[in-house]
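Note sheet for the following structure.
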Number of protein chains: 2
Amino acid sequence: MEIQGLPGRLLAELGPAIASGELPEGTVLRAEELEERFGVSRTVVREAVRILEGMRLVASRRRVGITVQPRSGWDVFDPLVIRWRLAGADRSAQLRSLGSLRLAVEPAAAALAARHATDDERRRLSALAVELTMTARAADLATFLRHDIEFHSTVLQASRNEMFAHLGDTVGAVLTGRTEYHLMPHQPEPYAIRLHREVAEAVCAGDAERAEQAMRTIVEGALTELNQQLG
Amino acid sequence: MEIQGLPGRLLAELGPAIASGELPEGTVLRAEELEERFGVSRTVVREAVRILEGMRLVASRRRVGITVQPRSGWDVFDPLVIRWRLAGADRSAQLRSLGSLRLAVEPAAAALAARHATDDERRRLSALAVELTMTARAADLATFLRHDIEFHSTVLQASRNEMFAHLGDTVGAVLTGRTEYHLMPHQPEPYAIRLHREVAEAVCAGDAERAEQAMRTIVEGALTELNQQLG
DNA sequence: GAAACCAAATCGTCATACTTTTGCGGGACA
DNA sequence: TGTCCCGCAAAAGTATGACGATTTGGTTTC
């Protein structure tokens, strides 16, 4: 998953620094400066910069240098960019944006899942719903989170739409983020759990309408809760 | 927008080849081979490969080579990947996926736009709706397309959600694609035009519900039409 | 037959030299 | 005094040779 090697190390420094706003728009970096700062060769710096350029976080121009680009151009769907932003200063803005996105996508995905899920996926969803019920009662936040992520990922996967499916990791990052930063109740809401069971049942029954509704209620709940926590 | 220089040339060759399936999953390329094939240096090859690696189209491993990755791992939200796929063999699969995505996102965006659009944006939407009506009557497909793209982009922008906003280019690519490949009626549907006017009016009036419904009808129409054309 | 070992292939990194683009300042000219 | 043009130098872009690191797969040995 992660980019490896020395360029990876550079990325791990520069990416978060830019994403968090520590290096604001317009900041100019020079390749040579980076070489010295990180004690690596030209090759490594250039490759790291190329990757950042691919994410539209920076642009490199002759005789000018490597310029941090305005946020409006960033590839906000890139998983790395999302993770970096979640870890940094505009975590709350990022969580809000992702919240709206989830509200649009996940109900639609649930409806599609009710139509297209494989038998195995339907079984897994039911099993996960049970697990969620149990780990919630035990207040085991870590495993609860794991299962919650897998539940939502499975629904997105089962929608048989590659673009929805790829948002699985993103949703995972959101759920992890809000748990890590204590933006959710310490004891998962029993109501939310019941809705997960309802989604699972509806998908199993092939009831797209009910799956969509239940999922919408789940995500709406998460979003209002988020807004409460963030003021 | 485009990646420049020699690595850009490599990208423009390899990206489409991979995205179209011409180089199927598991294909192994060697850096040296690419150097010779394109008559460029290691530096250039490595940078191009790094970028493809960033999109998760390939993975580079020592003693093995540069391996084309399974589609399931690709960064399907990357604008370049989308464009390459639209230009190649799985154009129809890509159009279907994007259709579902639009169906989820654009109505939600329209609702948000009705709440958050600036005065200028509301004015632009109204103006664009008028333009659409006129160019449709004149059967001027090129300008119609331009205005259509700008209309949808403006709605996404006006939603004040960065992730929605960034789908503007993607939607633009879809609309361009289906026009180029003659997947839409030569004379734009008067009904669809009226719906655009309705979206504009609803956004101006701040009526989220109506904006959402009208936009949903637009995208649903586009999707069913697409499915008819593709069988 | 299995485990340890060795060798070749291939990417990864470094150092360096050369090329190309381009912003900026200085000078010529109106 | 202001404007335009030209050349310089700064910075990224490209090329190349050398070496390092790692993985694979076969070979040897027990």
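Every chain is numbered from 1, with letters handed out A, B, ... down the list of sequences. All values derive from a computational prediction rather than experimental measurement.
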Practice prompt. Check whether any side-chain nitrogen or oxygen of A/R62 sits under 4.0 Å from OP1 or OP2 of C/dT19, and answer yes or no.
Written response: no
Worksheet item: Can you tell which of C/dG23, C/dC14, D/dT14 lies closest to the side chain of A/V40?
Response: C/dC14
Practice prompt. Using atom CG of B/L10 as one end and atom P of D/dG13 as the other, report the distance to the nearest whole Å.
Written response: 15 Å
Worksheet entry | Sugar-phosphate, base or nothing in reach of B/R61, heavy atoms under 4.0 Å | sugar-phosphate
Item to complete: Output the single nucleotide from D/dT16, C/dA9, C/dC14 whose closest atom is nearest the side chain of B/T43.
Response: D/dT16
Worksheet item: Taking CD from A/E36 and P from C/dA15, how many angstroms apart are they, rounded to a whole number?
Response: 12 Å
Discussion item. So, does B/R50 get its side chain near the phosphate of C/dT13, meaning an N or O under 4.0 Å from OP1 or OP2?
Written reply: yes
Fill in: B/R30 CZ - C/dC11 P separation (whole Å)
7 Å
Worksheet item: To the nearest angstrom, how far is B/L34 atom CG from D/dT14 atom C1'?
Response: 17 Å
Worksheet item: How long is the line joining CD1 of A/I66 and P of D/dA10, in whole Å?
Response: 17 Å
Item to complete: Taking atom CD of B/E33 as the centre, report whether more than 12 heavy atoms of other residues, nucleotides or ligands fall under 6.0 Å from it.
Response: yes
Item to complete: With the side chain of B/R63 defined as its heavy atoms from C-beta on, choose the nearest nucleotide among C/dT10, C/dC24, C/dT13.
Response: C/dT10
Worksheet item: What is the distance from CG of B/L6 to C1' of C/dT20, rounded to the nearest Å?
Response: 11 Å
Worksheet item: Are A/R96 and B/N161 linked by a side-chain donor-acceptor pair shorter than 3.5 Å?
Response: no
Worksheet item: Does B/S60 place a side-chain N or O at less than 4.0 Å from the phosphate oxygens OP1/OP2 of C/dG12?
Response: yes
Discussion item. Can you see whether B/H196 engages B/H152 through a side-chain donor-acceptor pair at a distance of less than 3.5 angstrom?
Written reply: yes
Worksheet item: Which whole-number value in Å describes the distance from A/F38 CZ to C/dG12 P?
Response: 20 Å
Item to complete: Write down the distance between CD (B/E47) and P (C/dG12), rounded to a whole number of angstrom.
Response: 13 Å
Item to complete: Please tell me which of A/R42 and A/P7 maps to the more 5' nucleotide of DNA chain C, matching each residue to the nucleotide holding its nearest heavy atom.
Response: A/P7
Worksheet item: Which part of the nucleic acid does A/R46 contact within heavy-atom distance under 4.0 Å: base, sugar-phosphate only, or nothing?
Response: base
Worksheet item: Under 3.5 Å, is there a donor-acceptor pair between the B/E121 and B/T118 side chains?
Response: yes
Worksheet entry | Under-4.0 Å salt bridge between A/R124 and A/D120 | yes
